[in-house]
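Counting convention: from 1, in listed order, for ligands and their atoms alike.
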Amino acid sequence: MTDKNLKFNTKAIHGGQRPDAAYGAVMPPIYQTSTYAQSTPGGHKGYQYSRSANPTRTALENSLASIENGEFGLAFASGLAAIDAVIKLLQPGDEVISTNDLYGGSYRIFKKIFENFGIVFHFVGMENTQVIKEKINSKTRLIWVETPTNPMMNIIDIKAIAQLINGQDILLAVDNTFATPYLQQPLQLGADIVMHSATKYLGGHSDTVVGALVVKDKDLADKLYFIQNASGAICGPMDSFLVLRGIKTLHVRMQRHCENGKAIAEYLKNHPKVEKVYWPGFTDHPNYKIALQQMKDFGGMISFVPKGGNYNDALKIIERLKVFTLAESLGGVESLAGHPASMTHASVPKEEREQSGVVDALIRLSVGIEDSEDLIADLDQAIG
Ligand SMILES: *Cc1c(COP(=O)(O)O)cnc(C)c1O
């Protein structure tokens, strides 16, 4: 059976997976083992040591490849470990172009770790493809995209960037954490690498930290596999199992995240005490047309600024929330609220942060899959 012809919901449940060969277990067993018996040196059944490969991780990696419409999946200990592996493809002197509204941890590993190794990073407003074009030079080797961006919900045109660099020795990587393959398929739009913090929507239950890469090209997959095995930041068997289980309901969860996201975005937009709401599904969002083209729906991530609010006003609203939990992270079944300036983006200098719109009063919501009426009532009492 080739999984390629299956539609998304079927792939989420069956893609790249077969009942376990030993006893027919429908869910891949958690192979909690470091090593594998050999009949004679080299006489093994495809697995020798679990840093190199583990059957539960293989099942997850196959599932990831299937849902992202790629050929090869790689599962890591965290999203940042996956990013780390991609940047290790580069050499000192190589240049990377990325967005100025980037996940704080990605910004931190780029600036604070890899700049020390001689890799040069440029952060630009990527929603304007022309700005990227102007930054490309003979040393550019990687374009790192995040869309929708975090937390400003800017939309970056993946296909336009792929066309811009077509034929050049430049890789296009997309952090697809916010959209998930349910909403957006970067490899179909011309990207070379898709990255995930599977900690978020793919896992979906806020119970594990995992990262993922998916690629189409065999050479690129071999290079990334070499780095994964050589550096060792692999996803363990238990965590592989949890993400596999999460992926099986991804489509159903995402549908509800989108419905609730829309209800809350519209509620906030009409609220007299709300200054600004950032959500790509508004027809007056600056990149609404591109969102409509490259995404199936608009997701459950929303940011907003209370009217005339400052740092403390934002904190007060967040602290009054009862159904939304004040916490880092996103993409789980439960609704979370965060304060980017003091939490996810605390590592970005204030000036740079505010330039991209991450003001002190900005509140970010990860809308869960509870009843939207309860979520709106909760926001209502908190905003006042
Ligand atoms: C959380 C996150 C990451 C980092 O992933 P971890 O699993 O926390 O290491 C990267 N990109 C985005 C967009 C994220 O939300």
Side-chain angles (χ1 to χ4, degrees), residues 60 64 68 73-88 96 98-114 121 123 126 142-156 158 173-184 186 191 193-214 228 231-236 238-240 242-243 246-247 254 257 278 280 295 299-303 327-332 336-340 343-348 356 358 364-368:
L60 171 61
L64 291 164
E68 279 290 2
L74 297 128
F76 292 84
S78 68
L80 278 162
I83 296 173
D84 177 80
V86 174
I87 307 302
K88 284 176 178 161
V96 180
S98 190
T99 160
N100 57 10
D101 178 24
L102 190 65
Y103 173 71
S106 307
Y107 179 86
R108 181 177 56 198
I109 194 173
F110 291 171
K111 290 289 285 185
K112 301 278 168 73
I113 305 277
F114 283 110
F121 294 88
F123 300 93
M126 281 191 156
L142 174 69
I143 299 195
W144 186 272
V145 173
E146 202 182 296
T147 180
T149 65
N150 178 24
M152 299 313 296
M153 311 300 154
N154 288 318
I155 299 294
I156 296 166
I158 299 169
V174 177
D175 181 337
N176 206 27
T177 301
F178 269 36
T180 83
Y182 175 80
L183 295 180
Q184 170 173 287
I193 302 172
V194 171
M195 175 262 155
H196 277 280
S197 170
T199 314
K200 317 293 168 54
Y201 287 105
L202 298 189
H205 296 75
S206 307
D207 53 9
T208 182
V209 175
V210 170
L213 298 176
V214 181
Q228 183 193 39
S231 291
I234 47 138
C235 177
M238 179 72 198
D239 300 291
S240 298
L242 287 171
V243 176
I247 288 173
M254 286 310 292
H257 283 297
Y278 301 93
M295 296 172 77
M301 295 302 300
I302 301 167
S303 295
E328 300 270 7
S329 201
L330 61 108
L336 302 179
H339 183 234
M343 297 167 73
T344 50
H345 288 60
S347 58
V348 184
S356 53
V358 187
R364 191 191 75 179
L365 302 178
S366 170
V367 178

Heavy-atom nearest neighbour in the protein, as seen from atom 3 (C) of ligand 1, with distance rounded to 0.1 Å: Y103 CE2, 3.3 Å
Geometric N/O contact L80 with ligand 1, under 3.5 angstrom: yes
Atom pair CZ/OG of F121 and S106 - distance to nearest 0.5 Å: 10.5 Å
Centroid separation F123 to Y107 less than 6.0 Å: yes
V209 N/O under 3.5 Å from ligand 1 N/O: no
N/O donor-acceptor pair under 3.5 Å between E146 side chain and Y103 backbone: yes
N or O pair under 3.5 Å between K200 and ligand 1: yes
Nearest neighbour in protein (non-hydrogen) for atom 6 (P) of ligand 1: G79 N, 3.3 Å
Option nearest atom 8 (O) of ligand 1 (shortest heavy-atom distance, choices P151, S197, G104, S78): S197
Closest contact, heavy atoms only, W144 versus M126: O-CE, 3.6 Å
From the candidates N176, I109, D175, the one that places a heavy atom nearest atom 11 (N) of ligand 1: D175
Side-chain H-bond candidate by donor/acceptor type, D101 with T99, under 3.5 Å: no
Pair K88, S231: side-chain N/O donor-acceptor within cut-off below 3.5 Å: yes
Atoms of ligand 1 close to T199 [distance to a heavy atom under 4.0 angstrom, numbered from 1]: 7 (O)
Aromatic contact, H196 with Y201 (centres under 6.0 Å): no
Proximity flag L330 to ligand 1, non-hydrogen atoms under 4.0 Å: yes
